[in-house]
Amino acid sequence: MTRSGQEYLEGLRDGREIWLDGERVEDVTAHPAFRSTAASFAGLYDLAEDPAHRPVLVRGGVRRAYAVPRSYEDLVARRQAFRTTARASYGFLGRTPDYMAAGAAGFAAAPAVFTGETFDGAEHALAFHRRLAEGDLHTAFTLGNPAPGQGGDDLTLRVVAERDGGIVVRGAKTVGTGAVFADEILVGTIEPLAADDTGHAVTFSVRPDAPGLRLISRTSYEERSRSVFDHPLSSRYDENDAMLVCEDVFVPWERVLTYRDPATTGAVWWQTPAYVNFVHQSATRFWTKLEFLTGLAILISRSHGTGNLPPVTQAVGRLLGMVAQAKAFVLAAEASYEQVDGGRGGVRPGQEISFAQRIMAGELYPRAVQDIKLLAGGALVQLPASGRDLLHPELGPLVRRYFGSPGHPAEERVKLLKLAWDALGSEFAGRHEQYERFYHGAPHVYLTMQTWAGAAEECESLAQECLDGYGLGTTR
């Protein structure tokens with residue numbers, strides 16, 4: 001069953017321990033640092049209740065992202081659901097509920113991967129997927145590790161004890177994007193572990209209100225925003241990032257997916273469809289986000305009166321080419337779909353294209369932002385301090401006189417440029433540029449996986465074929 005937005009918000013009022021600016025946040029649905037973004041997530045749940053969108057977002061009573069795709073047509077249908085969700089935040093909410101839903105479906109497609117030498121988590125992985133789907137839960141994950149502590153102290157989350165009913169974990173995980181808004185948090189590691197590193201080789205799901213669990217939030221851009229007019233994106237779509245700190249947190253066995261097995265702990269991401277399912281969602285969102293940014297570029301050039309100048313039309317043409325490139329990667333990954341476990345686990349998007357999309361997106365996004373900044377010019381840095389300037393009885397007439405342009409009244413033009421600054425130049429925008437580079441892990445991780453994906457062997461074979469075709473005595 002799907003949940004309403006109100007039901008989702010009620011679930012966040014569970015006493016979770018979140019810290020921001022030296023203060024414990026009692027209720028993320030009411031605190032000025034989180035409440036508007038929480039409402040935006042709630043709006044995504046209500047979207048599935050809308051008769052116009054429900055057939056796209058829901059199948060068989062559960063969110064379509066939870067379904068294990070069995071055909072190319074299923075992949076297309078899932079992408080259409082991803083697009084609907086992404087458009088609701090113009091691509092600026094990355095870890096929406098459908099993100100981990102797709103990952104959990106990847107686990108369910110190949111549960112045998114969770115059966116290791118020391119622990120069998122196959123049934124737990126299936127139960128994890130089932131619990132999330134049936135409860136329509138919003139799940140975040142955190143896979144990064146903190147820097148080493150002073151004196152070599154081990155600060156990374158690890159198993160410190162084992163009990164009859166479960167395990168006890170201690171330490172931290174970093175960059176828990178959206179964790180403060182989640183119903184559950186999946187904890188694991190995506191980077192390869194040494195064969196003897198059994199203490200860190202664990203994957204589990206935990207509720208944010210678990211005793212001993214704390215979430216330390218980064219700066220809230222939502223809290224710093226003045227209004228929707230002045231900060232239209234950061235005031236509503238700051239999904240936040242937090243460090244997860246566990247001080248002897250107890251995790252029941254049924255929530256443990258891998259345990260003391262480095263090979264299996266890494267394999268659950270790379271040998272199931274989980275990672276490429278993540279890319280399917282994020283690549284669709286990236287395509288949508290580039291569409292939005294390119295639309296901004298077009299509106300800005302029109303407001304400047306430069307839309308017909310050849311250099312501007314060429315710049316817009318390059319941006320439209322980037323949009324087409326982002327779209328092409330999504331469609332190509334779907335068209336190059338692969339069977340999972342001989343078809344028993346359905347199908348997944350093509351792995352090579354999915355890995356290549358990550359390379360492309362991390363490089364393309366900063367270029368697109370830079371190109372749009374050049375089109376916007378100095379107008380982005382010479383804006384009224386806030387919308388209140390337009391409402392002031394003395395200042396308002398001056399602002400309306402000097403900040404407008406032919407065919408574009410001042411209020412309309414200032415509104416557009418403030419949206420552009422929030423997307424391109426604000427601290428919120430800087431976070432998004434960094435996010436698009438690293439949200440699927442450090443480049444050395446997925447670049448290594450691209451090398452292992454099989455294309456390298458084919459490339460090498462073709463070059464070797466040429467070398468084998470001639471020698472010192474070859475004349476032509």
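Taking the ring axis of F141 as reference, the NZ or CZ atom of R95 stays within 45° of it and closer than 6.0 Å to the ring centre. Taking the ring centre of Y435 as origin, the terminal cationic atom of R431 falls inside the region bounded by 6.0 Å and 45° from the ring axis.
Smallest separation of non-hydrogen atoms from I167 and V256: CD1-CG2, 3.9 Å.
Checked by atom type and distance alone, the side chain of D341 never pairs as donor or acceptor with a backbone atom of A110 at under 3.5 Å. Checked by atom type and distance alone, the side chain of T37 never pairs as donor or acceptor with a backbone atom of F34 at under 3.5 Å. Between the R224 side chain and the A33 main chain, no donor and acceptor come within less than 3.5 Å of each other. Judged by distance alone, the side chain of S205 and the main-chain N or O of R255 form no donor-acceptor pair under 3.5 Å. For R59 (side chain) and R78 (main-chain N/O), no donor-acceptor pair under 3.5 Å exists by modelled atom type. Without hydrogens or angle criteria, H432 side chain to A423 main chain gives no donor-acceptor distance under 3.5 Å. One N or O on the side chain of T118 and one on the backbone of Y259 form a donor-acceptor pair closer than 3.5 Å. At least one donor-acceptor pair closer than 3.5 Å links the side chain of D74 to the backbone N or O of R70. Counting only distance, with no hydrogens or angles, the side chain of H124 and the backbone of L257 share no donor-acceptor pair below 3.5 Å. Side chain of S40 to main chain of Y237: no donor-acceptor pair is present (N/O by atom type, distance under 3.5 Å, no hydrogens or angles).
In R163, the CZ atom is not crowded: 12 or fewer heavy atoms of neighbouring residues, nucleotides or ligands sit closer than 6.0 Å. Atom OH of Y45 has more than 12 heavy atoms from other residues, nucleotides or ligands within 6.0 Å. Atom CZ of R87 has 12 or fewer heavy atoms from other residues, nucleotides or ligands within 6.0 Å. More than 12 heavy atoms of other residues, nucleotides or ligands lie within 6.0 Å of CZ in F119, so this atom counts as buried by the packing criterion.
By the 4.0 Å N-to-carboxylate-O rule, E436 lies close enough to R285 to be salt-bridged with it.
Residue R3 holds its CZ atom at 9.0 Å from CG of L9, rounded to the nearest 0.5 Å. To the nearest 0.5 Å, atoms OG (S354) and CZ (F278) are separated by 12.5 Å. Atom OG1 of residue T139 and atom OH of residue Y99 lie 12.5 Å apart, to the nearest 0.5 angstrom. A distance of 9.0 Å separates CG of N240 from OG1 of T219, quoted to the nearest 0.5 Å.
Between F329 and W287, the gap from one ring centroid to the other reaches at least 6.0 Å. Note: F181 and H138 fail the aromatic proximity criterion, with ring centroids not under 6.0 Å apart. In this structure, the ring of H231 has its center no less than 6.0 angstrom from the ring center of F428.
Inspection of the S225 and S235 side chains reveals no N or O donor paired with an N or O acceptor under 3.5 Å. Donor-acceptor pairing under 3.5 Å is lacking for the side chains of T177 and E239. Judged by distance alone, the side chains of E427 and S234 never bring a donor and an acceptor atom under 3.5 Å apart. Donor-acceptor pairing under 3.5 Å is recorded for the side chains of S227 and D230.
In this structure the side chain of V251 never reaches within 4.5 angstrom of the side chain of V187, judged on heavy atoms.
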Given R131 and D183, is the salt bridge (Lys or Arg N to Asp or Glu O under 4.0 Å) satisfied, shown in steps? CA-CA 11 Å; R131 180 173 71 252; D183 297 301; over 6 Å; no
Verdict with reasoning, R83 to T288, per side chain to side chain donor-acceptor pair (under 3.5 Å): CA-CA 7 Å; R83 280 274 280 175; T288 306; 3.1 Å; yes
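Taking the six-membered ring where the residue is Trp, F107 and F114 present perpendicular rings, their angle passing 60° and hence far from 30°.
Here the rule is side-chain contact (heavy atoms from CB on, under 4.5 Å) with V276, and of Q357, R348, E352 only R348 fits it.
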